[in-house]
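Note that the numbering runs from 1 along the sequence shown for the chain. Note that ligands are numbered from 1 as they come in the structure, with each ligand's atoms numbered from 1 the same way.
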Amino acid sequence: MVTALGLPLSVSVRGAAKINLHLGVGAVRADGFHPLQTVYQAISLYDDITITSHHYTGIVLETADYIDASDVPLATHNVAIRALEMIRARTGREGHEHLDLVKSIPVAGGMAGGSADAAATLLAYDRLHGCRLSDDALLELAAELGSDVPFSLIGGTARGRGRGELVEPLDDRGTWWWVAVPSATGLSTPEVYRHFDRLFPNALADPAEPADLLSALASGEPLRLARSLHNDLQSPAIDLRPELGTLIGLGEGEGALRGLVSGSGPTCIFLCDSLDGAHAVVAGLRGAGHDVVLIANGPVAGAHLLERS
Ligand code: C5P
């Protein structure tokens, strides 16, 4: 169905989880953020947002069985609601919209689930109302909402600089297979960064360029990529949650090419040589008592339209 202006009544957009193939962190800046040299990849775990013109603004949540719905902030604490309010103000519109959010990306897991929801909301709002904001205008709003939100808009594999908000797509023709193990309890991103500051008081002002990772990515070889994966937030995350170190050792023992903490954690991700290899790692981890073990591949698209109705 469409309105008299030819606009849809509701729009659904899908947003993807992100992982960091390289996360180089520098010394904290005066504004409290850390300078980053990162390489993001969007992987096939998704949140879907449907936005509908309504007489009040609200949000209805549905979650995958491994997500505790009470962990998802609602009302104005939800970054999707903040995204909605921001784009409404930016486009000078009045009115209300209702959001239906179907979450499969682990919450507070270091996979940018909130950023995926914010990016999806910006795109859905733009299409619902025919705003036609330019890509640059959407990226600017995204950067205001959070460091990872611009990447969540563009997806694929991309370099991130600044505090992560300056993104540049990379040519990545590989198909990379990942196993992801979320934790029942999330980790606070600011807390992990603060612990990084405590552990590395002499961190460089500018983190090094991810040269090894970029050449491994271009080679398309899983083993080379495995050797080049790097995350400066891994040791602070493991220091706060020692069981993550044990989990990484376990996944590698079960045949993963390499395991590492995803972003600020606590989700751990394991690069595998193939889909079959990923199934073998899943079986091993389940056998060792990890009930929630997910398979995903990347790179996949960032926020993209699913449906208009
Ligand atoms: O930008 P975002 O809202 O996702 O950041 C959440 C928090 O993570 C920040 O308030 C900051 O404490 C930390 N952070 C940081 N350096 C970055 C990105 C995030 O210190 N580059």
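With rounding to the nearest 0.5 angstrom, the CG atom of Leu229 is 12.0 Å from the CZ atom of Phe270.
Side chains of Asn297 and Thr175: a donor-acceptor N/O pair is absent below 3.5 angstrom, by distance only.
A tilted orientation is assigned to the rings of Phe200 and Phe196, their planes being inclined by 30° to 60°.
Looking at Lys103 and Asp117, a side-chain N of the basic residue comes within less than 4.0 Å of a carboxylate O on the acidic one, giving a salt bridge. Salt bridge status for Glu254 with Arg286: absent, with no side-chain N to carboxylate O gap under 4.0 Å.
Near ligand 1, Gly32, Phe33, His34, Leu36, Gly146, Ser147, Arg163, Thr189, Pro190, Tyr193 each place a heavy atom less than 4.0 angstrom from the ligand.
Smallest separation of non-hydrogen atoms from Gly251 and Val281: O-CG1, 4.3 Å.
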